[in-house]
Amino acid sequence: ENLFLGLRPIPPPKPKTITIDNTPAAIATVEPDETGTLVRAAVVKKGICTFDFLYIAEKRVFALETATFDRFLKGFHAKK
């Protein structure tokens, strides 16, 4: 519910569930304002820690590195 706290994207995001480090996580992409910037955010809670991941880019180049961001998320592992 707080995936985009502080931003006012219209329409509100509809996060989907993915797995990060064998743990359910929320992810969504929004356009928070009219500047032409997109934000892809993922949040995962592991134990007492919450990890927030953001990919922010101009709309015209956003798709160029989205796959890199998604690969990073798939490879993330929190140390115990």
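Because the structure is predicted, anything quoted here is derived from the model rather than measured.
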Chemist: Quick one: list whatever passes ring-ring contact (aromatic ring centres under 6.0 Å, His included) with Phe69, sequence neighbours left out.
Modeler: Tyr55

Chemist: Nearest 0.5 Å, what's the NZ-OG1 distance between Lys74 and Thr19?
Modeler: 10.5 Å

Chemist: Is any side-chain heavy atom of Lys45 closer than 4.5 Å to a side-chain heavy atom of Phe51?
Modeler: no

Chemist: Taking side chain to side chain contact (heavy atoms under 4.5 Å, CB included) as the test, write out the residues that go with Ile56, two or more places apart.
Modeler: Thr37, Val39, Leu54

Chemist: Indicate the atoms forming the closest heavy-atom contact of Ala28 with Pro15, along with that distance.
Modeler: CB-CA, 3.8 Å

Chemist: So which atom in Asp21 and which in Lys46 form the shortest heavy-atom distance, rounded to 0.1 Å?
Modeler: O-NZ, 3.1 Å

Chemist: What are the two closest heavy atoms between Ala25 and Val44, and how far apart are they?
Modeler: CB-CB, 3.7 Å

Chemist: Do Leu73 and Ile18 make a side-chain contact, defined as non-hydrogen atoms from C-beta onward lying under 4.5 Å apart?
Modeler: yes

Chemist: How long is the span from the CG atom in Asp70 to the CD1 atom in Ile27, to the nearest 0.5 Å?
Modeler: 5.5 Å

Chemist: Applying side chain to side chain contact (heavy atoms under 4.5 Å, CB included), name anything that partners Arg60, two or more places apart in sequence or on another chain.
Modeler: Glu58

Chemist: When the ring planes of Phe76 and Phe72 are compared, do they come out parallel, tilted or perpendicular, using 30° and 60° as the limits?
Modeler: tilted

